[in-house]
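Read through the structure below, which is laid out as structure tokens, and then see the notes.
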Amino acid sequence: MTGRFDPAGAERRWQARWDAAGCFAADSASPKPKTYVLEMFPYPSGRIHMGHVRNYTMGDVIARYRRMQGHEVLHPMGWDAFGMPAENAALERKVHPGTWTRDNIAAMRDQLKRLGFALDWSRELATCDPEYYGHEQALFLDLFDAGLVYRKESEVNWDPVDRTVLANEQVIDGRGWRSGAPVERRKLAQWFLKITDFAEDLLAGLESLEQWPDKVRLMQENWIGKSRGLVFSFRLAEPADDIERIEVFTTRPDTIFGASFVAIAAAHPLAQAVAAADPGAHQFIDVCRAGGTSAAEIETAEKTGYKTRLEAVHPLDPEWRLPVYIANFVLMDYGTGAIFGVPGHDQRDFEFAKQYHLPIKRVVASSHGEAALPIGEEAESEPGIAVNSEFLDGLETEEASAEVIRRAETAGWGVGTTAWRLRDWGVSRQRYWGTPIPIIHCASCGPVPVPRDQLPVVLPEDVAFDLPGNPLDRHDAWRQVACPSCGAAAARETDTLDTFVDSSWYFIRFASQPAGRPFERAEAEAWLPVDQYIGGVEHAILHLLYARFWTRALQRIGRIGIAEPFKGLFTQGMVTHETFRSVDGRWLSPDEIEVREGGALVERATSAAAERGRIEKMSKSRRNTVDPEPIVAKYGADAVRWFMLSDSPPERDLEWSIDGIEGAARFVQRVWRLATEPQAGDGPDPALDKKAHRAIAAVGEAIEGLQFNKAVAQLYELVNAIEKAAPSASRAEAVRTLVKLASPMAPHLAEECWAKLGGDGLMAEADWPSFDPNLLVDDDVTIAVQVNGKLRDTILAPRGLDRESAEALALASAKVQRQLDGAAPRKVIVVPDRLVNIVA
RNA sequence: GCGCGCGUGGCGGAACUGGUAGACGCGCUUGGCUUAGGACCAAGUGUCGAAAGACGUGGGGGUUCGAGUCCCUCCGCGCGCACCA
């Protein structure tokens, strides 16, 4: 009679033992091969959620597996501790953002520790520590000195009622989330990092990232958006103010004879010039300014334009005049902020032309014969053959484009160029809870960097949140300083850095944290690049691109010798859960729901009818979150970890279910029973040996491929096989193997079992078992026998059987004979050791 | 609007580079053990069919001796879009 495994006791016991032994402290000077396993560090929002548990469990399995393989492993944890939620908490609950953040960190650290992750807590950091952000300020100034930081105007979402800048997230349907007032776009002078200097490198570098998901590489490639095209200018028939030309960019120079209008962005200088003399234009620009700055909002808005009195002269025909519009769908940030519209072959231009009754001309066709065919209900944007285009007629799209570029360059009205979709990184945030930008504005010297010996520029703690906006703007004692350059009265920059800056180098600081500098190059390079980085796909573009840029920028200025920070990347799916709503549409949490007889759902408190919603990502707003803590308390950390790895492939979404966690808890007990029952029995069991060795090979392979669900399935198969096997020496050995293989996933259980089995030392420091390759292959194989591609029979045959014999065996099958019904096969396809297909 | 992805039993999923679809888990059914069971053990479980067999990987079409896998097309769902982290 064996007792049940007691998770709570085992967790406490072994976590203390690991701590005492210092198992997970990474030694930068170790001679062992090094592995750096990193999960995206959490924002300290309050409590750990299931998404964190899934993320950190995956990383933990890799970290523990590598350690068992004899690697020195760096597996650190820290806090992405600056950001808006802390300021929102300050507004709503009258707590200081710092207090709120640090309390959250303490709570979440405790929660993480209870899950038994193999983390090196000695390297813990929080981005809101002056020590950390002080080093960040130093790095920012290094980039400033290298000419990679500059200042320019750019648009923000402005809430005219709260008189504050809003994040895109705070703009709901074009209105401020608190005030409800329609949001406007407003220009502010802001700091930018020259990520576009690295566009070519960041694009080319994607090639080398073989251990990244293809989809992420593709998304980054599209985001960087390299395109060849033509920049040229239209001469204005009559100059406006002193502006005589409109410069445009196009990726389709071949369609130049299909132009029917020119459109400029509302923020274009020419639009401003027109508006000065034209109240209608002025009004239109004001209307364009309404609404938020996000691309989705701008591009889904109805396409509208304002026809100016200007006319553009077609560069290839001085008699040809095109109307000039100010249009809301032209982006100032891409290309030149102006386009020429070709309605026949661009869908946006098509819609615009329909609305304003502009000509829609065909200049591309799939064949010469279609030159006269009118454009139908949609623009035709695919390449083809140029038609109705004078000297271009008959040329393929690519040749035609090259020809236009050649003529433009020869005649001097345009130039072939490369355009990038990627824009420079605006890092200014008009918020308190972030890294202060270490710049002082002086009336006579301009922006002056804070001298290095005055870093860090520490955020003042004595701030009030009684008014909207950035309290640093109102903190005169902090803001007013002497100019470091001339000594005159000057003012600190009150914008803080985008929190993406904080997360663009934390992985370097984890690897090396000397006292007086951001990092020590040699030590950082000993660990970097990160071997396996794990996090959500939602970071596929921004965070990962910024971190790649920051690393390359540090490389360019000679601070580090690597270009790419993350060698292996894995993007995990979300944790989802069913949702419930009341009939009047309120979200209800699962524990507010009661299932009545017949399966009807009612709201427990009111007995009013409720309905099951769809399965969605766990979020507070949908009230479908499950707090890991009580689950861990009830089922144990190992069961929770096990469930997080089972069933769903890690890149896909995982639906949380209580049945799933109970299944995991049962598995934990099954392993415990096997490990604690009497291990009597001698003699070999070759079949079980094979099974065990295959499990070693398969589990290792699955973990290396981050296919944890497959590793789990393999372990279930091994458990099934052991339970069925009669006592033997092989069986006792298989149990020990099982415990080792399960240890990265269920480490407390494994330690406890290992101790019961009389194993030496800590399982956390044990070696990963090795397998005998000879035991992986069978002597006999099952060969599928098909007739016309349909399975009719299977035959057992010795491995390596020759084609002729396999064919003969297949033809001898009674089922095959019945199918053939006396006819001779027309053809037989033999795939050795796999299949025989008889074509009748 | 643009970019990217996903779709296989009642459910989560497995299926190496085109070669036996449904491994493994959950659930369910039957039986055993038991005072009892949400514990444990045994057997079963894609659909239709008594069986032989037929059908079956979101829908439609194609390539192939052979398609979950490749191509085209349609539908549905999700993620990102530069100030959410």
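Every chain is numbered from 1, with letters handed out A, B, ... down the list of sequences. We use all heavy atoms of the structure for the numbers below, so side chains are in, but hydrogens, waters and symmetry mates are not.
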Legend entry - Sugar-phosphate, base or nothing in reach of A/Arg217, heavy atoms under 4.0 Å: nothing
Inset, instruction - Tell whether A/Gln430 reaches the base of B/C83 with its side chain through a donor-acceptor pair below 3.5 angstrom. - result: yes
Inset, instruction - Go through the side-chain N and O atoms of A/Ser294 and A/Asn168 and say whether any donor and acceptor fall under 3.5 Å apart. - result: no
Legend entry - Sugar-phosphate, base or nothing in reach of A/Thr794, heavy atoms under 4.0 Å: base
Inset, instruction - Send over the distance from A/Gln786 CD to B/G66 C1', rounded to a whole Å. - result: 6 Å
Inset, instruction - Classify the nucleic acid contact of A/Thr782 as base, sugar-phosphate or nothing, counting any heavy atom under 4.0 Å across all strands shown. - result: base
Inset, instruction - Give A/Ala296 one of three labels, base, sugar-phosphate or nothing, depending on what nucleic acid heavy atoms sit under 4.0 Å from its own. - result: base
Inset, instruction - Would you state whether a donor and an acceptor, one from the side chain of A/Gln190 and one from the base of B/C83, lie under 3.5 Å apart? - result: yes
Legend entry - Other residues, nucleotides, ligands: >12 heavy atoms within 6.0 Å of A/Lys815 NZ: no
Inset, instruction - Would you give the length of the straight line joining atom OG of A/Ser381 to atom CD of A/Gln347, rounded to the nearest 0.5 angstrom? - result: 8.0 Å
Legend entry - Inter-nucleotide C1' distance (B/G13, B/A23), Å rounded: 10 Å
Legend entry - Anti or syn - B/G38, cut at 90° from 0: anti
Inset, instruction - Give A/Leu218 one of three labels, base, sugar-phosphate or nothing, depending on what nucleic acid heavy atoms sit under 4.0 Å from its own. - result: sugar-phosphate
Inset, instruction - Give one of base, sugar-phosphate or nothing for A/Val165, where a contact means two heavy atoms less than 4.0 Å apart. - result: base
Inset, instruction - Select base, sugar-phosphate, or nothing to describe what A/Phe329 touches, counting heavy atoms under 4.0 Å on all strands. - result: nothing
Inset, instruction - Remember a base hit wins even if backbone is also touched, and classify A/Val156 as base, sugar-phosphate or nothing at under 4.0 Å, heavy atoms. - result: base
Inset, instruction - Tell me what A/Asn168 touches on the nucleic acid: a base, only sugar-phosphate, or nothing, going by heavy atoms under 4.0 Å. - result: sugar-phosphate
Legend entry - Option passing side-chain contact (heavy atoms from CB on, under 4.5 Å) with A/Gln190 (candidates A/Arg151, A/Glu153, A/Gln430): A/Gln430
Legend entry - Proximity of A/Phe507 and A/Tyr533 rings by center, below 6.0 Å: no
Legend entry - Per-nucleotide protein contact string for nucleotides 7-18 of chain B (B base, S sugar-phosphate only, - none; heavy atom under 4.0 Å): S----BSSSB--
Legend entry - A/Arg421 charged N/C atom sitting above A/Trp223 aromatic ring, 6.0 Å / 45°: yes
Legend entry - Test: A/Arg670 and A/Glu723 ion pair at under 4.0 Å: yes
Inset, instruction - Assign A/Trp425 to base, sugar-phosphate, or nothing according to its heavy-atom contacts below 4.0 angstrom with the strands shown. - result: nothing
